[in-house]
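The next block holds one structure in the form of structure tokens; read it before the comments.
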Number of protein chains: 2
Amino acid sequence: MNIMIREATIATGGMPSSPPATLIEAAYRAIRRNIVLGVHAPGEKLRVEHLKTQYDMSSGTLREALGLLVADALVVAQGQRGFSVAPMSVSDLEDLVYLRALVETEAARQSLANGDDDWEASLVSCFHRLTRAEERLGARTAEAYEEWERRNFEFHEALVSAARSRRLLELRARLHLQAERYRRLSALDGPRPRDVHNEHQQIYELALKRDADRLVEVLTKHLQRPVDVILKSGLLTPVTAETGKAA
Amino acid sequence: MNIMIREATIATGGMPSSPPATLIEAAYRAIRRNIVLGVHAPGEKLRVEHLKTQYDMSSGTLREALGLLVADALVVAQGQRGFSVAPMSVSDLEDLVYLRALVETEAARQSLANGDDDWEASLVSCFHRLTRAEERLGARTAEAYEEWERRNFEFHEALVSAARSRRLLELRARLHLQAERYRRLSALDGPRPRDVHNEHQQIYELALKRDADRLVEVLTKHLQRPVDVILKSGLLTPVTAETGKAA
DNA sequence: ACAGATAGCAATCTCGAGATTATTTTTCGT
DNA sequence: ACGAAAAATAATCTCGAGATTGCTATCTGT
């Protein structure tokens, strides 16, 4: 009846992903993508009835998909008052970046301690690809940005991939996903390719030198940067999108 | 029709909890409790059909409850092959304790940095109650143990309660919940009240002295202790309940 | 005119049956 | 007798309708 829906509404969220086996997963990815892209604004109420017409699925399926999104902290469930998109705010961003710095730096420390030759090889490879993507970023095209985003993700993933703690890596992935909405926001203001590349270069070199302490410093700054961009650009007003109609 | 089910099957999971507003939450708590208590063994397949007769609920409701438990990492969903209780293993325990140490010590650092007079007061109060509960632990009754567990929880909660990061505290709570199964296991081998009390005393004093570095040391050891107990007692065999029939 | 209460409405929560998929058992061929 | 394919079985996944709950607007009384 509505099988092609999968092909139509689903899009890989940027990172490599296996095809969705179940309808729930399909709905989950579709809604997640639309939240990250801002189609569903922060604070917006997600009425199942309305979503049913939008995604052409049954209420039960959508409910379960929303449940998965609640686990990702992209949707909040208000008791028996339905669901709504998780609000964005400056304090939430600061909290998120703080925890990401903690987790990301710890994962990096583990990686530096455990990384073998294969790890180094993949880091070298990913850094090379990232550098090329950063060069192409001058074109200011959407495709170039998409590729840079993917390469950036892969580079940071390769950096921490030698960490042994399964939970730490899962947590890192979840926080990365939560940060994606804010990342989109800071990208609107225009990135500063040169500074970003310099930081990546430092991270790369320090990682190969196994200088964990200095790497942690640079990584922390690297994660902090988008916060400053967003704050100074005023894209995120102090009180943001509570009811869904802000500037 | 079956309203009294709530009263019958639901039991507060140990920590203070508001009455469940929705049936899903009721099912969630009931199943969670049974997993923590070991009624549902690690690795056991949770067939919805079977659970339906056990909890007297509809399949949809149980599915959503299981979804919530997946978010807590107490249940794993294997694609479209149904749900099963998250397995327990030595490596999983080590991973869990490692991350708990990271999160708990970081939260403690934040608390020491931000804690005001009210925080100190609640810490003093909780430590006092915990001490009394530890004295009563000599009775070896189930009630005494239940109370000690509650006081222990409250003491550690009070310790980190001044931390500002919302996500950090939520993560901490989630990890605490995941650790509860292993805690039950180590409790079977018999606790060593004297050592535990000594550690609590140290933690208490170092917290009031705001000696973060030494507190982190003691806290880490404190969290590590149950691991040693479980390993030495052999309660957790190296290969555990993967499929129910070890390899 | 304002406050409280009641009636109506909308959305959610809950449920059981049908469709789809994975697993097991049986059967056939070599 | 052993291996592989196919049918039967059992579970899950999906769906739409009914019951319950929360919210809103109107109405009445002071």
Side-chain angles (χ1 to χ4, degrees), chain A residues 1-10 18-31 40 43-71 75-86 242-244, chain B residues 1-10 18-31 40-41 43-71 75-86 242-245:
Chain A
M1 184 198 292
N2 50 10
I3 299 175
M4 50 169 44
I5 295 297
R6 302 189 183 183
E7 300 300 326
T9 60
I10 301 311
S18 49
T22 171
L23 260 185
I24 293 172
E25 180 124 2
Y28 162 70
R29 294 197 198 176
I31 300 176
H40 297 303
E44 177 185 322
K45 277 197 287 188
L46 292 172
R47 277 176 280 266
V48 179
E49 289 281 311
H50 197 245
L51 264 58
K52 209 161 67 170
T53 69
Q54 193 165 355
Y55 292 91
D56 194 21
M57 281 167 175
S58 188
S59 53
T61 306
L62 287 170
R63 277 186 65 77
E64 293 211 30
L66 289 173
L68 293 178
L69 288 165
V70 169
V75 166
V76 290
Q78 310 160 40
Q80 47 204 142
R81 254 172 282 176
F83 301 88
S84 61
V85 180
E242 174 94 4
T243 64
Chain B
M1 187 197 291
N2 49 12
I3 299 176
M4 51 168 44
I5 296 299
R6 302 188 184 182
E7 301 298 326
T9 61
I10 301 312
S18 50
T22 170
L23 260 184
I24 294 172
E25 181 124 3
Y28 162 70
R29 294 197 199 177
I31 300 176
H40 296 302
E44 178 185 323
K45 277 198 288 187
L46 292 173
R47 279 176 280 266
V48 179
E49 290 280 313
H50 198 246
L51 265 57
K52 209 161 67 171
T53 68
Q54 193 165 354
Y55 291 92
D56 195 20
M57 282 166 173
S58 188
S59 52
T61 307
L62 287 170
R63 276 187 65 77
E64 293 211 29
L66 289 172
L68 293 177
L69 288 164
V70 168
V75 166
V76 290
Q78 312 162 41
Q80 47 203 142
R81 254 172 281 176
F83 302 89
S84 60
V85 180
E242 171 98 2
T243 63
K245 48 179 88 171

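By convention in this document, chain letters (A, B, ...) are assigned in the order of the sequence lines, proteins followed by strands, and residues within each chain are numbered from 1.
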[X] [atom1] - [N] [atom2] separation (whole Å):
| X | N | atom1 | atom2 | result |
| --- | --- | --- | --- | --- |
| B/Leu23 | C/dT12 | CG | P | 18 Å |
| B/Leu62 | C/dC13 | CG | C1' | 14 Å |
| A/Lys52 | D/dA17 | NZ | P | 8 Å |
| B/Leu66 | D/dC13 | CG | P | 10 Å |
| B/His50 | D/dA11 | NE2 | P | 9 Å |
| B/Glu44 | D/dA11 | CD | C1' | 16 Å |
| A/Glu49 | C/dC13 | CD | C1' | 12 Å |
| B/Leu51 | D/dT12 | CG | C1' | 13 Å |

With heavy atoms under 4.0 Å as the rule, sort B/Leu46 into base, sugar-phosphate or nothing.
->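 Sugar-phosphate, no base atom in range.
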Would you indicate, yes or no, if D/dT12 has its OP1 or OP2 atom less than 4.0 angstrom from a side-chain nitrogen or oxygen of B/Ser59?
->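 The answer is no; no side-chain N or O of B/Ser59 sits under 4.0 Å from OP1 or OP2.
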Closest listed nucleotide, where the reference is the side chain of [X] and the choices are [options]:
| X | options | value |
| --- | --- | --- |
| B/Arg63 | D/dC13, C/dC13, D/dT14 | D/dC13 |
| A/Val48 | C/dT12, D/dC15, D/dT12 | C/dT12 |
| B/Ile24 | D/dT12, C/dT14, C/dT12 | C/dT14 |
| A/Phe83 | C/dC15, D/dT14, C/dC13 | C/dC13 |
| A/Arg47 | C/dC15, D/dT14, C/dA11 | C/dA11 |

Closest contact, heavy atoms only, A/Ala30 versus A/Tyr55 | CB-CE2, 3.8 Å
4.5 Å side-chain heavy-atom contact, [X] and [Y]:
| X | Y | result |
| --- | --- | --- |
| B/Ile31 | B/Leu51 | yes |
| A/Phe83 | A/Arg63 | yes |
| A/Leu46 | A/Leu62 | no |

One would report the end-axis bend of the helix from C/dA1-D/dT30 to C/dT30-D/dA1, five pairs per end and rounded to 10 degrees, as 0°
Can you tell me how far the [atom1] atom of [X] sits from the [atom2] atom of [Y], to the nearest 0.5 Å?
| X | Y | atom1 | atom2 | result |
| --- | --- | --- | --- | --- |
| A/Glu44 | A/His50 | CD | NE2 | 8.5 Å |
| B/Ile24 | B/Leu66 | CD1 | CG | 11.0 Å |
| A/Lys52 | A/Ser58 | NZ | OG | 6.0 Å |

